[in-house]
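Since the structure comes first, as C-alpha cells, the remarks are kept for the end.
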Amino acid sequence: MWHNDFPALAALAARGITYLDSAATAQKPAALLLALQTYLSQGVANVHRAGYRLADEVTTAFEACRDEVATFIGAAQRDEIVFTRSATEAFNLLAYALEPQIQAGDELLLSPLEHHANLLPWQQLAARRSATLVWLPITASGHIDMTAASKLFNPRTKLLAVTQLSNVLGTVQPVRELCALAEQHGALSVVDGAQGIVHGTVDVRALGCDFYVFSAHKLYGPDGLGVLYGRHSLLSQLPPWQFGGEMVQQVSRASASFQAAPLRFEAGTPPISAVLALRASLAYLRALDRSAVAAHEAALLQHLKDGLDQRAGVRRLGDSDAALVSFVVDAVHHADLAQLLDEQGIAVRSGQHCAHPLMATLGVAGSTRVSLSLYSQDADLERFFTALDNALALLQEEPTP
Amino acid sequence: MSLPAAAQQVLNLLQQSPSFEGRNRALLQLGNQLPSFASERRNEQDLVHGCDSQVWLRCAQQGTALHFSASSDARLIRGLLACLLLRANGLTAAELAHVDWPDWLTQLGLKQQLSPSRANGLNAVVQRVLALSRAT
Ligand SMILES: Cc1ncc(COP(=O)(O)O)c(C=O)c1O
C-alpha cells in the first residue's frame with residue numbers, strides 16, 4: 001500500500017533487510033527527500049534574521065511548519081510550539097524551566113513505563129530540589145492502574161510525566177484521565193508522545209495536557225528535531241534554559257532581555273532543513289486516510305500477536321494496543337535471538353529499550369521488540385516468523401552435553 | 001607459531017559448517033566447551049563493558065601460561081567466547097600479544113557474520129584478555 005512512498009524500503013529489500021524497528025526511528029517518505037533536496041539545492045539562508053528576500057522566504061517556510069505542527073496536534077495557538085533538537089531535549093528543557101516551581105518535598109508522579117528520556121531529567125530535577133519521584137503502579141497488562149493512581153495524587157503532587165504509548169509494551173495509557181486528575185490537584189502534566197503521535201490522531205486540547213513532547217524522526221520526519229507543545233499560559237511564563245543568538249531582544253554587556261515563547265526557547269540557529277523536512281512529512285501524513293492507516297496497523301498487530309502466541313515458549317510482555325510488541329522466549333537469551341535474527345536480515349530491537357526500571361519491574365533481563373509502521377506489510381511479518389522459527393529451532397534444541 | 005590443539009579443533013568445526021544452521025549449531029556446541037565459572041562467582045570487577053549481553057572474564061596463571069575463563073547467560077555468546085578463549089588459553093603473555101585476532105575471526109568465518117555491535121563486544125573481550133595478560 002503505502003510502502004511505495006518510502007524509497008529506502010526497496011533499498012533495504014535489495015540488501016535482504018526486513019525493517020521492523022520503526023519505533024526506534026522510521027523510514028522517510030519521498031516527500032521528505034524532495035523537500036530537503038529542494039531547500040538545499042535552491043539556496044539556504046538563516047531564519048529570523050531577515051534583511052533580504054531569500055531569508056524572508058526561508059523564515060516564512062520555517063514558520064509555516066510551526067502552523068502545520070500546531071494544526072497536526074490540535075494546539076490552540078502556533079506560539080505554543082517550540083522546536084527542539086529531540087524529544088529528549090524537550091524533556092530537559094522542561095526539567096530546567098520548571099525547576100523554580102519545584103520545592104523540597106514536592107512529588108513528581110511518573111510511571112515505570114517511562115523511556116529514560118522522560119525519567120532521567122525528572123530524576124535529576126528531583127535530586128536538585130530534594131523532591132520525590134512517586135511511581136504509578138501498572139497492571140499485568142502493562143497499563144497504569146487508574147484506581148491506584150487516583151490515590152497517589154495529593155497536594156504535594158507538582159507534576160505528572162507519563163507516556164502516551166509505551167515504547168516497550170505498546171500499551172496505550174489513560175493519559176486523558178491522568179491529566180484530568182493532575183489538573184484537579186493543581187499539578188502540571190507532561191505527556192511523552194514520542195510513540196503515541198505515530199499511531200493515532202493527537203489532540204492536545206482533548207487530552208488536556210499542559211505539555212506534549214515528540215520527536216520528528218519517529219513520525220516519518222527528519223532526525224535532529226523534536227517538538228515541545230506547551231499550553232500558552234504556562235509556556236509564556238517559563239524562563240529560558242539555553243542562551244545565545246535568536247532568543248534575545250536586547251543585549252548589553254551586563255544583561256539581556258529575551259524574546260517571548262516560543263523563540264526564547266530556540267537559542268541559536270535552529271535545525272532549519274529538518275523543520276522544512278518535517279513540514280513535508282506532516283503534509284504527506286495529512287493527505288493519508290488515517291483511519292485506513294489505523295486499520296492497517298491494527299491488522300498487522302493482530303497478525304504479530306497471533307503469530308507469537310502460536311510459538312512454544314514465546315511470551316509477550318504486557319498486552320499491546322498498538323504497533324509494537326516485546327517478547328521473551330523461555331530459556332533463550334534475547335542477545336542470542338538478536339544475533340540469529342540479524343544474521344537473517346531481520347532488524348528488530350533487542351535489550352532493555354532505554355527503560356531499565358520497566359525491565360526490572362517486569363523481572364526480565366531484556367526482550368526482543370518488533371515494531372510496525374504504516375509501511376509495514378504482512379510479508380515483513382512472514383519473513384520475521386520464518387527467521388524466528390529458524391532461530392528457535394537452534395536455540396531451543398537441548399544442549400548436547 | 002602453531003595453533004594450540006583446542007584452537008585447531010575450533011577452526012575445523014567452524015570451517016566444516018559454513019551454513020547458517022551449521023555454524024550456529026557449532027557455536028552452541030562450542031559454548032558448552034567454554035572454560036567457565038559459575039554465575040555465583042561473577043563480580044563487578046570481572047565484568048567486560050561494551051558487550052550486548054553481560055560477560056565476565058577472569059585470568060589465571062600456570063607458570064608462564066595464561067588461562068582465561070568467562071561467564072555469560074547467552075549460549076551463542078558463550079560459543080563466541082569459546083572461540084576466543086580456546087585460542088588464547090595456554091599461551092604466554094608474549095605469545096598472546098602476537099595473535100592476529102581479526103584474522104582469527106576471519107578464518108573462523110565469523111567476521112562477516114557478526115553485527116558491528118557484536119563484533120565490538122568481542123573486541124572488548126579481546127582487549128580485556130590483552131590487558132589481563134599484560135597485568136600478569
Ligand atoms: C517513548 C519514548 N520517549 C522518548 C524517546 C526519546 O526520543 P529521542 O531519542 O528522539 O529524543 C523515545 C525514543 O526511543 C521513546 O520511545
Side-chain angles (χ1 to χ4, degrees), chain A residues 12 15-21 24-25 313 326-356 359-360 363-369 383-401, chain B residues 9-10 13-14 16-34 36 39 42 47-56 70-84 105 108-125:
Chain A
L12 292 175
R15 293 179 58 192
I17 295 175
T18 299
Y19 191 72
L20 289 168
D21 195 20
T25 196
S326 280
F327 65 94
V328 292
V329 187
D330 291 343
V332 170
H333 197 282
H334 60 89
D336 285 348
L337 183 56
Q339 178 174 337
L340 295 188
L341 291 175
D342 175 55
E343 275 192 45
Q344 299 176 86
I346 305 294
V348 293
R349 182 77 187 266
S350 164
Q352 303 204 60
H353 319 291
C354 298
H356 295 183
M359 302 316 266
V364 295
S367 72
T368 307
R369 180 186 72 186
R383 282 194 296 278
F384 161 71
F385 284 125
T386 304
L388 179 65
D389 290 339
N390 292 339
L392 294 185
L394 284 163
L395 295 172
Q396 287 178 328
E397 220 168 68
E398 282 306 308
T400 41
Chain B
Q9 183 224 341
V10 171
L13 191 63
L14 281 170
Q16 266 166 31
S17 27
S19 69
F20 167 78
E21 213 188 297
R23 180 181 55 252
N24 285 301
R25 193 159 273 136
L27 282 175
L28 290 170
Q29 195 183 324
L30 283 169
N32 298 330
Q33 297 173 30
L34 173 69
S36 193
S39 52
R42 293 171 180 173
L47 187 63
V48 182
H49 294 277
C51 300
D52 261 12
S53 60
Q54 294 184 305
V55 169
W56 290 261
S71 187
S72 162
D73 290 330
R75 288 175 63 204
L76 273 172
I77 309 278
R78 281 204 293 269
L80 292 170
L81 289 170
C83 291
L84 297 180
L105 291 178
L108 297 179
L110 293 175
K111 206 63 192 280
Q112 312 71 266
Q113 242 28 76
L114 295 178
S115 70
S117 58
R118 198 139 298 118
N120 284 340
L122 279 192
N123 189 42
V125 173

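Predicted model only: the values in this text are computed from it and were never measured. Numbers restart at 1 for each chain; the letters A, B, ... are given by sequence-line order, proteins then strands.
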Legend entry - Heavy-atom contacts under 4.5 Å, residues 345-354 of chain A to chain B: none
Inset, instruction - Identify which of L394(A), N390(A), D336(A), D342(A) forms the greatest number of heavy-atom pairs closer than 4.5 Å to chain B. - result: D336(A)
Legend entry - Which portion of Q33(B) sits near chain A, non-hydrogen atoms under 4.5 angstrom: neither
Legend entry - Within 6.0 angstrom of E21(B) CD, more than 12 heavy atoms from elsewhere: no
Legend entry - Straight-line distance of E343(A) CD to N24(B) CG, nearest 0.5 Å: 4.5 Å
Legend entry - Least distance between heavy atoms, R118(B) atom then A338(A) atom: NH2-CB, 4.1 Å
Legend entry - Which residues share a salt bridge (charged side-chain N to carboxylate O under 4.0 Å, His left out) with R369(A), sequence neighbours left out: D21(A)
Inset, instruction - Find the distance between CZ (R75(B)) and CD (E397(A)) and round it off to the nearest 0.5 Å. - result: 8.0 Å
Legend entry - Region of L340(A) that comes under 4.5 Å of a non-hydrogen atom in chain B: both
